[in-house]
Engineer: 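Have a look at the structure that comes next, please.
Just so you know, these numbers come straight off a predicted model, no measurement behind them. Each chain gets a letter, A, B and so on, in the order its sequence line appears, and its residues count up from 1.
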Amino acid sequence: MLTLKQVWDEEAIQQLNDKRKKDFSEIVSQIRSNDESRKKTQQELDNCLQQANIISKQVGELFKKKEIEAANELKAKSSELKEQSKGLQEQLRAIEDSMQQLLYKIPNVPHTSVAAGVDESDNEVVFESGDTPAKEEGLLPHWELAKKHNLIDFELGVKIAGAGFPLYIDKGARLQRGLINFFLDYNTEAGYKEYLPPFFVNEASGIGTGNLPDKEGQMYHMQLDDLYAIPTAEVPVTNIFRDDIVDAATFPIKCTAYTPCFRREAGSYGAHVRGLNRLHQFEKVEIVQITHPDASYDTHGEMVEHVKGLMEKLELPYRILRLCGGDTTFASALTYDFEVWSRAQQRWLEVSSVSNFETFQANRLKLRYKDENGKTQLCHTLNGSALALPRIVAALLENHQNPDGSIDIPKAIVPHVGFDKIS
RNA sequence: GGAGAGAUGGCAGAGUGGUUGAAUGCGGUGGUCUUGAAAACCAUUGUGCCGCGAGGUACCGGGGGUUCGAAUCCCUCUCUCUCCGCCA
């Protein structure tokens, strides 16, 4: 959520509208007028309470002096003030509630480097690893390769849970485990501290990262216990720091975690959800950083390089996009997407989004630090996948398949998975 | 699932309904002393909101109530802990 300071900042709002090619002026002016009446009401209320406090003290003293009559007189006055402050309090709460609702509707202000644009067609390709291999005769898509080598059984997944819950078998399962280890090791070597967080979170955590209330339909909700299955490790990991004032000396705070991710993906269907393209449950290793505002864009660049290194080790054709304003997710100011090339499907698959949220998440989380002057300031938060497994597996299978149908495992991950070929 | 106890500042831990934002200890910060350090001593040390400032106001798990006045009394919700049972 934007800070009120940002909402009052003409330049920022201009940038928001331009980059996202959407006009938020209406909501902005509503928030501003709410903010003004909020201040006014707050002042009235404070004055009212101040008087009541003074009177209470006087009443106490009068009682001590046994001046009952004078005390009773003041009591009446106090009752009046009480009525008044009650009304003001309700008014204030109503204003704050509506302001909050309005603030939830405004996405983050995109960074200056972000291109103005509406959707993915305006995204910029900023890096490409090489030529994308053309379609060849006899190339199998990953779901057929998975079946041929008995790596994944989608039908049995349906039997056990439903569509979108694959059952990994034998080397397929082993590959998952190996990749998770490989990613975690790679991240921890780069200084990320490893966490294994809860896979279910409470409502407060969902609100902290902005998944609630806006994206409620995307999460699985266990109503009996009022818990939500996490859609990404970002939720539990970022919430570690909810309501914290962290020591600026500990910047940057670097976290990594493996978790399964659960997404309802209501309304998705067709070829785009075939095989491993889109699932209700998938495995992912996430990286999160919390930094000083001055450092966050350097950090962002570093995270992009970090993920790039991972892609290189997997020996997959990939590219990096800088998302345009309209395609940049709600909470993000700058997002680079990593996509791998699916050789058999002849299309790009997103495997990582590296985002800088600036203070957008921190504001909701109340995640702060103390600056040189001892003032509390909001931190910047960033995160990215390193990496999401299913599409990586899809690309590995498709890109490393040989004419005889066997699949080579990239050297870097062989020690982690324990075999160098699937045949 | 059964029984009980509790929730107070970074932590530990007090708190007769009336200058209590809250004793005390530890920790943190600044200082004195010291060649330096330790010790000792002194001072300082929560967060939000309003205000240029002085200052004001709110917050003792959440919500509601009683009262002129609530950390303190009442109701309610949530959570945590201990014991028993069950269990990887």
Engineer: Whole angstroms only, please: what is the CD-P distance between A:E36 and B:C49?
Structural biologist: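 So the CD-P distance, A:E36 to B:C49, works out to 17 Å.
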
Engineer: Looking at B:U57, B:U47, B:C50, which one has an atom nearest to any side-chain atom of A:K370?
Structural biologist: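 So the side chain of A:K370 is nearest to B:U47.
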
Engineer: I want to verify a distance call: between B:U47, B:C49, B:G51, whose nearest atom is closest to the A:Q43 side chain?
Structural biologist: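 Minimum distance to the A:Q43 side chain belongs to B:G51.
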
Engineer: Side-chain N or O of A:T376 less than 4.0 angstrom from OP1 or OP2 on B:U47?
Structural biologist: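 Result: no.
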
Engineer: Quick one: A:L92 CG to B:U57 P, roughly how many Å, whole number?
Structural biologist: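 So the CG-P distance, A:L92 to B:U57, works out to 16 Å.
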
Engineer: In whole angstrom, give the distance that lies between atom NZ of A:K77 and atom P of B:G69.
Structural biologist: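 Answer to the nearest Å: 15 Å.
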
Engineer: I'd like to know if A:K308 and A:E302 make a salt bridge, using a cut-off of under 4.0 Å between side-chain N and carboxylate O.
Structural biologist: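 No, no charged N to carboxylate O under 4.0 Å.
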
Engineer: Would you kindly give the CG-to-C1' distance between A:D226 and B:G62, to the nearest whole Å?
Structural biologist: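 Going from CG in A:D226 over to C1' in B:G62 covers 15 Å.
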
Engineer: If you only use heavy atoms from C-beta on, which nucleotide in B:G56, B:C49, B:C68 is closest to the side chain of A:R38?
Structural biologist: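 When the side chain of A:R38 is considered, B:C49 is the closest of B:G56, B:C49, B:C68.
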
Engineer: If you measure from the Lys or Arg side-chain nitrogens to the Asp or Glu carboxylate oxygens, is any gap between A:K421 and A:D408 under 4.0 Å?
Structural biologist: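 Looking at A:K421 and A:D408, the cut-off is met.
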
Engineer: How are the rings of A:Y192 and A:H306 set relative to one another: parallel (under 30°), tilted (30 to 60°) or perpendicular (over 60°)?
Structural biologist: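 If you compare the ring of A:Y192 with that of A:H306, the planes turn out tilted.
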
Engineer: Hunt down the Watson-Crick or G-U wobble partner of B:G21, both distances under 3.5 Å, from any strand shown, or write none.
Structural biologist: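 None - no nucleotide pairs with B:G21, as no candidate has both distances under 3.5 Å.
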
Engineer: On RNA chain B, compare the nucleotides closest to A:Q51 and A:G60; which residue's is nearer the 5' end?
Structural biologist: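 The residue whose closest nucleotide sits nearer the 5' end is A:G60.
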
Engineer: Please give, in whole Å, the distance from B:C50 P to A:E44 CD?
Structural biologist: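 Atom CD in A:E44 sits about 15 Å away from atom P in B:C50.
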
Engineer: Take atom P in B:G65 and the same atom in B:C59, then report the distance between them in whole Å.
Structural biologist: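 Each nucleotide's P atom is 14 Å from the other's.
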
Engineer: Counting only Watson-Crick or G-U wobble pairs whose two distances fall under 3.5 Å, which nucleotide matches B:C59?
Structural biologist: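 Checking every strand shown, B:C59 finds its partner in B:G46, with both distances under 3.5 Å.
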
Engineer: Regarding A:I245, tell me which of base, sugar-phosphate or nothing describes its non-hydrogen contacts under 4.0 Å with the strands shown.
Structural biologist: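 Here A:I245 touches the backbone only, sparing every base.
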
Engineer: Just checking A:K57: base, sugar-phosphate only, or nothing, at a heavy-atom cut-off of under 4.0 Å?
Structural biologist: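 Nothing, no heavy atom under 4.0 Å.
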
Engineer: Which residue, A:Y186, A:F183, A:F182, forms the ring pair (Phe, Tyr, Trp, His ring centres under 6.0 Å) with A:H416?
Structural biologist: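 Among the candidates, only A:F182 passes.
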
Engineer: Name the pairing partner of B:G1, where a pair is Watson-Crick or G-U wobble with both distances under 3.5 Å, or state none.
Structural biologist: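 Per the H-bond distance test, B:C84.
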
Engineer: Could you state the atom-to-atom distance from CG of A:D243 to P of B:C59 in whole Å?
Structural biologist: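 The answer, rounded to whole Å, is 18 Å.
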
Engineer: Quantified in whole Å, what is the P atom distance between nucleotide B:U29 and nucleotide B:C83?
Structural biologist: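 These two P atoms come out 38 Å apart once rounded.
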
Engineer: So which nucleotide does B:G10 pair with, by the Watson-Crick or G-U wobble rule with both distances under 3.5 Å?
Structural biologist: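 B:C26 is the nucleotide pairing with B:G10.
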
Engineer: Over all strands shown, is A:L74 touching base, sugar-phosphate only, or nothing at heavy-atom distances under 4.0 angstrom?
Structural biologist: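 The answer is nothing, as A:L74 stays clear of every strand by at least 4.0 Å.
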
Engineer: Over 60° means perpendicular and under 30° means parallel, so classify the ring planes of A:F262 and A:Y220, tilted if in between.
Structural biologist: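 It falls in the perpendicular class, over 60°.
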
Engineer: A cation-pi test, strictly: NZ or CZ of A:R174 under 6.0 Å from the centre of the six-membered ring of A:Y168 and no more than 45 degrees from its axis. Yes or no?
Structural biologist: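 Pair A:R174/A:Y168 does not count as cation-pi.
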
Engineer: As a test of reading the structure: which of B:U57, B:G65, B:G51 is closest to the side chain of A:K86, going by heavy atoms?
Structural biologist: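 Between B:U57, B:G65, B:G51, the one nearest the side chain of A:K86 would be B:G65.
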
Engineer: Starting at the 5' end of RNA chain B, which residue's closest nucleotide do you reach first, A:Q50 or A:D35?
Structural biologist: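 The answer here is A:D35.
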
Engineer: In Watson-Crick or G-U wobble terms, both distances under 3.5 Å, what is the partner of B:A40?
Structural biologist: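 Pairing partner: B:U32.
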
Engineer: With C1' as the reference atom in both, quote the distance from B:C75 to B:A70 in angstrom, rounded to an integer.
Structural biologist: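 To the nearest whole Å, 15 Å.
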
Engineer: So, is A:N53 close to the B:U57 phosphate, meaning a side-chain N or O under 4.0 Å from OP1 or OP2?
Structural biologist: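 Yes, such a contact exists.
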
Engineer: Take atom P in B:G28 and the same atom in B:A38, then report the distance between them in whole Å.
Structural biologist: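 Each nucleotide's P atom is 11 Å from the other's.
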
Engineer: If you measure from the C1' atom in B:U67 to the same atom in B:C52, how many Å do you get, rounded?
Structural biologist: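 After rounding to an integer number of Å, I get 39 Å for this pair.
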
Engineer: P atom, B:C73 versus B:G18: distance in rounded Å?
Structural biologist: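 To the nearest whole Å, 12 Å.
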
Engineer: For atom C1', what is the distance between B:A71 and B:A23, given to the nearest Å?
Structural biologist: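 The same atom, C1', in both gives a distance of 13 Å.
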
Engineer: Measure from CD on A:Q84 to C1' on B:C68 and round the result to the nearest Å.
Structural biologist: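 These atoms are roughly 16 Å apart.
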
Engineer: Could you tell me whether A:S78 contacts a base, only the sugar-phosphate backbone, or nothing, with contacts defined as non-hydrogen atoms closer than 4.0 Å?
Structural biologist: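 Sugar-phosphate, no base atom in range.
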
Engineer: What is the pairing partner of B:U66, taking Watson-Crick or G-U wobble pairs with both distances under 3.5 Å in any strand?
Structural biologist: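 B:U66 is unpaired by these criteria.
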
Engineer: So what does A:K82 hit on the nucleic acid, given a heavy-atom distance under 4.0 Å: a base, only sugar-phosphate, or nothing?
Structural biologist: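 If one applies the 4.0 Å heavy-atom cut-off, A:K82 turns out to touch a base.
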
Engineer: Give a yes/no on whether any side-chain N or O of A:R368 is located under 4.0 angstrom from OP1 or OP2 of B:U47.
Structural biologist: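 Indeed not, no polar side-chain atom of A:R368 lies that close.
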
Engineer: Taking the cut-offs as 6.0 angstrom to the six-membered ring centre and 45 degrees off its axis, would you call A:K284 and A:Y258 a cation-pi pair?
Structural biologist: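 No, A:K284 does not sit over the ring of A:Y258.
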
Engineer: Taking NZ from A:K75 and C1' from B:G17, how many angstroms apart are they, rounded to a whole number?
Structural biologist: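 That distance rounds to 13 Å.
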
Engineer: Out of B:C68, B:G56, B:C50, which has the shortest distance to the side chain of A:V59?
Structural biologist: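 Among B:C68, B:G56, B:C50, the one nearest the side chain of A:V59 is B:C68.
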
Engineer: Should A:R32 and A:E10 count as an ion pair when the cut-off is N to O under 4.0 Å?
Structural biologist: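 Yes.
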
Engineer: Which whole number of Å gives the distance between the P atom of B:U20 and that of B:G56?
Structural biologist: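 Each nucleotide's P atom is 14 Å from the other's.
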
